[in-house]
Amino acid sequence: MEFTRKNKQLLSRKATNDGHGENSPYFDGWKAYDSDPYHRSQNPNGVIQMGLAENQLCFDLIKKWILENPDASICTAEGVDKFKDIAIYQDYHGLKEFIEALAKFMGRVGGNRVTFDPNRIVMSGGATGANETVMFCLADPGDAFLVPSPYYPAFARDLRWRTGLEIVPVDCKSSNNFRITRAALEEAYEKAQRSNINVKGVIIANPSNPLGTILDRETMRSIVSFINEQNIHLVFDEIYAATVFSSPRFISIAEIIQDMDCNRDLIHIVYSLSKDMGFPGFRVGIVYSFNDVVVNCARKMSSFGLVSSSQTQYLLASMLSDEDFVGNFLRESSKRLAKRHHVFTKGLEQVGISCLKSNAGLFFWMDMRPLLKEQTVKGEMELWRVIIDEVKLNVSPGSSFQCSEPGWFRVCFANMDGETVEVALDRIRKFVLQGKEEDHAAPETSKRWQKKNLRLSFSSSRLYDESTMSPPMISPHSRIPHSPLVPAMT
């Protein structure tokens with residue numbers, strides 16, 4: 001530490017600044033989990049990971065397909081003849097058959113209402129790399145993007161850490177279910193102008209992370225009209241497009257602009273297979289732009305952040321080209337997400353905890369405002385610390401998503417098996433009910449969620465049956481102890 005202080009001047013400002021965002025409570029929850037991960041037999045009192053937006057509900061379908069298609073891998077007897085062709089240098093732009101399969105898959109996810117041009121797809125190392133690449137192409141250091149809040153905490157890393165950009169939050173309120181309005185965009189834009197901030201565009205996640213909601217056609221058209229009038233860019237992050245599990249359906253921005261008179265050079269899409277297929281480890285990110293210059297620039301930059309391997313591309317090209325498999329996977333994934341979402345939200349409803357109505361994503365937006373000691377960020381953080389340290393659940397506080405209203409929490413539900421779901425729900429129920437009992441017994445001196453030794457017992461009743469899931473393992477995402485590195489997380 002002393003060496004670092006004395007030699008700080010030897011390093012770049014990038015190496016020594018705090019712009020990565022690792023000091024956010026969002027990442028602190030990960031550290032709490034990694035230091036004490038729940039396991040039903042080896043560590044039953046550990047922290048349950050509910051801060052990881054990971055889709056683990058359909059790996060049985062993936063495994064079945066792989067076993068039935070051994071030639072899709074170059075590391076099997078059936079596929080080894082292709083090993084040399086794939087192992088040698090490949091085009092940095094990606095395997096042609098993989099890019100074509102991705103274009104068709106994106107169209108399938110959008111209901112085949114729009115056709116995506118493979119020539120406009122640029123490969124990147126996950127959505128993290130794709131978002132940063134787009135920012136490098138569209139803006140200079142000091143420029144800004146409007147981002148409706150609440151928004152994904154790691155946007156601070158993805159959009160601004162290395163690019164030098166600024167984020168201008170567009171505050172959305174619970175009074176209208178956090179909808180993005182033209183008025184809110186205009187207010188944020190005008191405020192930035194008064195502060196001499198050069199706004200280059202708007203970036204929006206649809207479906208929303210953390211809300212789990214999707215934008216309707218009218219709202220999307222309004223947003224396009226706004227950016228068109230201001231002559232600024234519009235980036236749609238659509239990485240949760242296939243996680244919609246009930247109506248209304250997902251609508252891609254590519255579909256919206258088909259019948260609009262707008263400058264398409266201003267429209268860009270970020271996509272990934274991390275959420276829809278559950279493949280974050282493969283690091284498949286995509287930049288899709290309607291601007292030829294952006295496509296060409298992003299393609300040049302892609303050599304700095306490639307998809308994990310050509311072997312990955314070869315396997316996924318075969319998988320995504322199997323239309324019967326893709327159709328069945330998307331249908332089954334939707335059903336399982338709907339079931340899991342229902343189990344969690346109804347379980348919370350039983351103890352008076354409500355959630356924002358949603359129909360997409362791998363999470364829901366939980367309203368814990370009634371449990372706050374005070375309606376402030378401080379009150380939210382005090383509650384969050386008890387949930388992490390004593391209830392032993394890693395849920396993400398709304399303030400880490402730049403939510404303007406304290407008391408909201410993002411809860412991920414697709415990264416665990418059914419038995420862990422039961423334990424998590426039981427912990428929440430006991431926590432809330434204990435608080436109500438204390439309030440009823442002595443409301444004037446209630447310490448409902450500040451007790452230092454919150455005792456938890458686990459019900460043996462089965463609330464959920466999901467035979468397709470495997471038992472949870474101890475922290476599959478653990479970092480090297482004390483490592484300053486933070487893996488890509490959403």
Quiz prompt | Passing option when Tyr151 is tested against Asn209, Ile167, Leu159 for side-chain contact (heavy atoms from CB on, under 4.5 Å) | solution =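 When side-chain contact (heavy atoms from CB on, under 4.5 Å) is applied between Tyr151 and each of Asn209, Ile167, Leu159, only Ile167 qualifies.
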Quiz item: Which residues satisfy the ring-ring contact (aromatic ring centres under 6.0 Å, His included) test with Phe105, sequence neighbours excluded?
Solution: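 None.
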Quiz item: So, are Lys373 and Glu382 salt-bridged, with charged N and O less than 4.0 Å apart?
Solution: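 Result for this pair is no, no salt bridge flagged.
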Test item: [X] side-chain N/O and [Y] main-chain N/O as donor-acceptor pair under 3.5 Å:
X      : Y      : result
Ser333 : Phe329 : no
Asn198 : Gly142 : no
Trp408 : Arg369 : no
Arg336 : Leu57  : yes
Asn206 : Leu215 : yes
Ser195 : Ile197 : no
Glu380 : Ser399 : yes
Asn43  : His39  : no

Practice problem: Indicate the ring-plane relationship of Phe290 and Tyr288, choosing parallel, tilted or perpendicular according to the 30° and 60° boundaries. | Solution: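 Judged by the thresholds at 30° and 60°, the geometry between Phe290 and Tyr288 is perpendicular.
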Practice problem: Please state whether the rings of Phe364 and Phe344 are parallel, tilted or perpendicular, taking 30° and 60° as the class boundaries. | Solution: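 It falls in the tilted class, 30° to 60°.
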Self-check item: Lys173, NZ: over 12 other non-hydrogen atoms inside 6.0 angstrom
Solution: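 Enclosed: over 12 neighbouring heavy atoms sit under 6.0 Å from NZ of Lys173.
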Exercise. Please indicate whether Glu186 has more than 12 foreign heavy atoms, meaning atoms of other residues, nucleotides or ligands, lying under 6.0 Å from its CD.
Key: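 Check passes, neighbour count above 12.
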Quiz prompt | Single hit among Phe363, Tyr152, Phe250, Tyr271 for ring-ring contact (aromatic ring centres under 6.0 Å, His included) with Tyr240 | solution =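 Of the listed residues Phe363, Tyr152, Phe250, Tyr271, the ring-ring contact (aromatic ring centres under 6.0 Å, His included) partner of Tyr240 is Phe363.
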Self-check item: side chain to side chain contact (heavy atoms under 4.5 Å, CB included) involving Arg331 - partner list, sequence neighbours excluded
Solution: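 Asn328.
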Quiz prompt | Student check: side-chain heavy atoms of Met135 and Arg162 closer than 4.5 Å | solution =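 Side chain of Met135 against side chain of Arg162, heavy atoms only: no contact under 4.5 Å found.
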Quiz item: Would Gln49 and Asn394 count as having a side-chain donor-acceptor pair, cut-off 3.5 Å?
Solution: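 Present: a donor and an acceptor within the cut-off.
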Practice problem: Show your reasoning for whether side chain to side chain contact (heavy atoms under 4.5 Å, CB included) applies to Met416 and Val421. | Solution: CA-CA 7 Å; Met416 64 189 78; Val421 170; 3.8 Å; yes
Practice problem: Just grab all the salt bridge (charged side-chain N to carboxylate O under 4.0 Å, His left out) pairs involving residues 230-242, residues at least two apart or on different chains. | Solution: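 Sorted result for residues 230-242: empty, none.
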Quiz item: What pair of heavy atoms forms the shortest contact from Gly51 to Trp30, and how long is it?
Solution: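 The answer is O-NE1, 3.5 Å.
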Quiz prompt | Where Ile203 and Phe145 come nearest, the two heavy atoms and their spacing | solution =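 Taking Ile203 first and Phe145 second, the nearest heavy atoms are N-CD2, 3.9 Å.
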